Each structure stands twice: as C-alpha cells, then as structure tokens.
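Below is one structure, written out as structure tokens; the observations come after it.
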There are 2 protein chains.
Amino acid sequence: MTRTGERTTVTSAAVLDSALTLFAELGYHGTALSQIAESLEVRTPSLYNHMRGKQGLLLTIVRGTVTGVLDDFAAATDGLTDPGDKLRAAVRAYALRHASHRREAIVVNRDTSSLDEPHRSEMQELRRRHDHALRAIIEEGVTAGRFSVDSPALASFAIREMCVSVARWFRDDGPRTADQVADEYTDFAMRIVGSR
Amino acid sequence: MTRTGERTTVTSAAVLDSALTLFAELGYHGTALSQIAESLEVRTPSLYNHMRGKQGLLLTIVRGTVTGVLDDFAAATDGLTDPGDKLRAAVRAYALRHASHRREAIVVNRDTSSLDEPHRSEMQELRRRHDHALRAIIEEGVTAGRFSVDSPALASFAIREMCVSVARWFRDDGPRTADQVADEYTDFAMRIVGSR
DNA sequence: CCTACCGATCGGTAGG
DNA sequence: CCTACCGATCGGTAGG
C-alpha cells in the first residue's frame with residue numbers, strides 16, 4: 001500500500017508533527033503554512049480541517065510542553081524530602097526531556113513570545129512556576145547547609161539553561177544515550193550548587 | 001534644538017541600533033523594516049540610504065558579535081598557560097560579554113540560522129571556532145590532571161549555554177553588576193569541570 | 001480534500 | 001529624505 005503517490009489521510013497529529021519540525025528548524029515566523037502543507041502533500045487550505053490556525057499550532061505545542069515539564073517535575077520529586085535527592089531528580093527529568101523532546105524544547109524557548117495574548121502570559125506563567133520550583137529546592141538545600149552557592153537564583157538559571165542546551169545538540173544516533181547525558185548534566189548541576 | 005517634532009538625521013549606527021533592539025525582541029523574521037523605520041520616525045525607503053537591506057543588518061550584527069567573541073577570547077587568554085587560569089579568563093570574558101551585549105547575544109543565538117548562504121556557514125564556522133577553543137582548554141586541563149570531567153565536550157556545551165543564558169535575564173538596573181555575575185558564573189564553570 | 005480568491009503586509013525599487 | 005509603486009507571499013475564507 002505504500003507505493004509512490006500514495007494518499008495518506010492527513011490527521012491533526014500529522015499536522016502538529018510537521019509544524020513541530022518546521023517551527024524548530026525555521027522558527028514560528030520563519031515557517032509558512034504552505035511549507036507545512038507541502039510536507040504533507042496537501043494544499044494549504046486543507047490544513048484548516050485539522051487545526052484552528054497557525055497560532056493554534058504554536059499554542060498546542062507550547063502548552064503541551066510546559067505542562068509536561070511541570071508534570072515531569074512533580075512526578076520526579078514526589079515523595080522525596082532530601083534537597084540533594086530532589087535536585088538530582090528534578091534536573092535529571094528536565095535534562096532527559098530536552099534530549100527526548102528536542103523540537104518541542106527549541107520551539108518553546110524561541111517562540112513562546114510569539115504567542116498572542118492572553119496565551120503568551122499564561123504560558124510564561126507556567127514556565128515561571130517550574131523556574132520557581134527548581135529555585136526553591138536550591139534555596140532549601142542552602143538553608144539546610146547541604147548546598148553551597150552565593151545566589152540560588154543565579155545557580156537556578158545556570159542549571160536550567162544548561163539543560164535547555166541539550167535540545168540544541170543532542171542526536172539520537174550520537175555517541176551518548178539520553179540517559180547518559182541526563183546523568184552527566186545532573187552531576188554538573190550538583191557541582192554547581194556545591195552539593196555535599 | 002531637542003524640541004518636539006525635531007528632525008534628527010538618521011545614521012547607519014542608529015538604524016543598526018534600532019534593528020538590534022527589534023530583532024532581539026521580536027526575532028529577525030518577526031521584525032518588519034517598517035517597524036525599524038517607525039522607531040526612527042522615517043519612512044521605510046529612507047532606511048536604504050543607511051543599509052543594504054534587512055539581511056545586511058543581520059549580517060552586520062552577527063559578524064560584529066562573533067568576531068568580538070573571538071577577539072575577547074584571544075585577549076583574555078593571551079599569555080596564560082595554566083588551564084585553570086585560561087578557563088577562568090575565557091569564561092569570565094564570555095559571561096561578561098553576554099551581560100554587556102545582551103541584544104547582540106540574543107540575536108546571534110536565535111537568528112544566525114536566518115542568514116542567507118554563504119554568510120550563514122561562515123558565521124557558524126566562526127562560532128564553532130570559539131566552541132573548539134573553549135573545549136580545548138578543558139581537554140588540556142583534563143589531560144594535565146587539573147580538571148575532572150567525563151566528557152569535555154558536554155562540559156563545554158554546558159558552560160557555554162550557561163553563559164549565553166545571562167543575556168536573557170541580566171538587567172543593568174538589577175541587583176548584581178555584570179562583573180559580579182561574571183565572577184559567579186566563572187565559579188560555576190570551575191565547579192563543572194571539577195577544577196582543583 | 002480541492003480551486004479560487006481575499007485583504008494585508010512584506011522587502012525592495014524608481015525617481016525625484 | 002519623500003511619494004508612489006512593484007511583485008511576492010502571507011494567513012485565512014468561501015464554497016463546494
């Protein structure tokens with residue numbers, strides 16, 4: 001059935017996946033709906049059977065990713081009480097996500113600001129929530145005398161961005177698995193906060 | 001002479017500065033030349049007396065920044081032989097630049113890929129050169145038994161992106177000076193590589 | 001799923 | 001520095 005010129009019915013998931021790839025590569029404003037249509041071998045108007053519009057695609061991508069990050073964080077740290085254990089688990093989950101959902105991470109980081117209001121503010125608020133949760137762990141560790149860092153805020157920024165960068169260079173066919181990278185970045189994070 | 005409705009003659013530098021601000025805020029593809037013109041209180045065609053075109057603005061920004069990064073690196077590490085000293089100096093210069101040239105850093109990181117060929121490849125090559133130089137210091141330190149890190153490549157990525165992130169949150173009117181931030185990030189870098 | 005088409009806006013040029 | 005204007009392309013709609 002998979003012969004040349006075949007006609008695969010387009011689905012919402014396929015449109016979203018194509019948007020994800022193109023937004024990640026060319027940016028939201030650098031991608032035309034005609035390119036998404038072309039990659040799916042349909043005409044642009046046909047896309048409107050599977051999406052609300054260009055903004056809708058971006059919102060779906062961003063919302064799904066930021067809520068996923070928050071869910072990851074909650075699941076990873078659930079039940080843990082030691083600040084070291086919590087930081088390790090939180091960073092590991094965050095780094096792992098950036099290796100396994102590279103396109104999503106790139107789009108969220110570059111294009112969340114291209115969302116129309118009120119969605120932009122909503123999504124930025126959700127991102128801040130994760131930011132604060134990570135910082136709280138570091139502050140907790142400092143207070144408990146387990147971490148040694150001058151500014152928890154700076155350490156938190158540094159750790160976050162370090163993880164985000166994984167999305168930009170990780171390759172599935174590279175020399176390291178996502179797990180290995182996540183482990184190594186977790187070690188970096190523990191070193192940054194001076195864990196002992 | 002600075003009364004309302006005044007007519008300040010537009011210069012190339014003014015066009016570039018306005019482009020820098022708008023590209024950093026809205027992205028290259030998200031910025032229209034009409035917005036740059038509006039911010040300078042002239043009509044769009046007038047811009048062409050001071051630039052080659054939109055691509056020319058982007059190239060000027062990117063080229064100036066990446067060569068500046070390379071020059072910073074050379075000046076900072078010149079004459080140093082100890083890997084610890086070299087890494088400290090290189091990271092300090094890189095972090096400092098991201099605090100003091102925020103807009104440039106944001107544009108280079110987000111929009112270098114929007115450059116037309118052959119400039120895109122040229123600029124990416126220059127960025128790689130800095131990348132390799134930083135990594136070489138780490139490898140040197142590991143070989144000399146001064147640093148302790150599993151993968152110099154991963155550590156190098158982590159340190160670079162950590163510095164880049166400074167451009168995204170640093171404020172001149174914030175609680176920390178650029179120097180203080182650079183110092184703290186340098187310490188983070190030394191911790192990441194396990195300097196001893 | 002398509003063709004036909006919309007108004008808006010884009011970067012850029014002509015010509016003064 | 002401007003007005004006038006260019007072709008191209010954008011996201012999206014009508015209507016089937």
Side-chain angles (χ1 to χ4, degrees), chain A residues 1 3-23 25-62 107 110-111 113-117 119-120, chain B residues 1-23 25-62 107 111 113-117 119-120:
Chain A
M1 293 296 189
R3 64 187 190 281
T4 317
E6 74 178 309
R7 194 146 286 284
T8 308
T9 304
V10 170
T11 61
S12 300
V15 172
L16 206 60
D17 187 75
S18 179
L20 205 40
T21 298
L22 286 162
F23 288 175
E25 188 183 333
L26 307 172
Y28 176 74
H29 287 303
T31 302
L33 289 181
S34 60
Q35 293 173 287
I36 296 174
E38 191 182 12
S39 81
L40 297 167
E41 298 182 277
V42 296
R43 306 292 176 180
T44 305
S46 301
L47 296 177
Y48 285 85
N49 295 309
H50 308 288
M51 63 170 195
R52 287 198 183 190
K54 200 185 178 189
Q55 276 281 318
L57 291 175
L58 180 58
L59 179 59
T60 301
I61 292 168
V62 174
V107 173
R110 188 214 271 134
D111 295 315
S113 58
S114 294
L115 241 19
D116 289 338
E117 292 291 7
H119 300 299
R120 177 173 59 210
Chain B
M1 293 299 187
T2 20
R3 64 187 191 281
T4 317
E6 74 180 311
R7 194 147 286 284
T8 308
T9 305
V10 170
T11 61
S12 300
V15 173
L16 206 59
D17 187 75
S18 178
L20 205 39
T21 298
L22 285 161
F23 288 176
E25 188 184 333
L26 307 171
Y28 176 75
H29 287 302
T31 301
L33 290 182
S34 61
Q35 293 173 287
I36 296 175
E38 190 182 14
S39 81
L40 297 167
E41 299 182 275
V42 294
R43 305 291 177 181
T44 306
S46 301
L47 296 176
Y48 285 85
N49 295 309
H50 309 287
M51 61 169 199
R52 288 197 182 191
K54 200 185 179 188
Q55 276 282 316
L57 292 175
L58 180 58
L59 179 58
T60 301
I61 292 168
V62 174
V107 173
D111 295 316
S113 59
S114 294
L115 241 19
D116 289 339
E117 291 293 8
H119 300 299
R120 178 174 56 209

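None of these values were measured; they are calculated from a predicted model.
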What I'd like to find out is whether the side chain of Leu47(B) reaches to under 4.5 Å of the side chain of Leu40(B), using heavy atoms alone.
yes

Between dC2(D) (C1') and Leu40(B) (CG): distance, integer Å
16 Å

Whole angstroms only, please: what is the OH-C1' distance between Tyr48(B) and dG12(C)?
4 Å

Closest listed nucleotide, where the reference is the side chain of Ala32(A) and the choices are dT13(D), dC1(C), dG11(D)
dG11(D)

Using a 4.5 Å cut-off on heavy atoms from C-beta on, say whether the side chain of Gln55(B) contacts that of Leu115(B).
yes

Rounding to an integer number of Å, can you tell me how far Leu33(B) CG sits from dG12(C) C1'?
8 Å

Rounded to the nearest angstrom, tell me the gap between atom CG in Asn49(B) and atom P in dA14(C).
14 Å

Side chain proximity check, Leu58(A) to Ser114(A), heavy atoms < 4.5 angstrom:
yes

Go ahead and name the base partner of dC2(D); Watson-Crick or wobble counts if both distances stay under 3.5 Å, otherwise write none.
dG15(C)

Is any side-chain heavy atom of Lys54(B) closer than 4.5 Å to one of Tyr28(B)?
yes

Establish, with yes or no, whether the OP1 or OP2 oxygen of dC10(C) is under 4.0 angstrom from a side-chain nitrogen or oxygen of His29(B).
no

Report the nucleotide, chosen from dT3(C), dG12(C), dC1(C), that has the shortest atom-to-atom distance to any side-chain atom of Val10(A).
dC1(C)

Does a side-chain N or O from Arg43(A) land closer than 4.0 Å to OP1 or OP2 of dT3(C), or not?
yes

When the distance from OH of Tyr28(A) to C1' of dC10(D) is rounded to whole Å, what number comes out?
11 Å

Using every non-hydrogen atom in the two residues, find where Leu57(A) and Leu33(A) come nearest and quote the distance to one decimal.
CD1-CD2, 4.4 Å

In whole Å, I'd like the distance from the NE2 atom of His50(A) to the C1' atom of dC2(C).
12 Å

So does Ser34(A) get a side-chain nitrogen or oxygen closer than 4.0 Å to the phosphate oxygens (OP1/OP2) of dC10(D)?
yes

Using the side-chain heavy atoms of Lys54(B), tell me which of these nucleotides is nearest: dC2(D), dG11(C), dC10(D).
dG11(C)

In the structure shown, which nucleotide is the Watson-Crick or G-U wobble counterpart of dC10(C), with both distances under 3.5 Å?
dG7(D)

May I have the distance from Leu26(B) (atom CG) to dC10(C) (atom C1'), rounded to whole angstrom?
15 Å

Rounded to whole Å, how long is the line connecting atom CD of Gln55(B) with atom P of dC10(C)?
17 Å

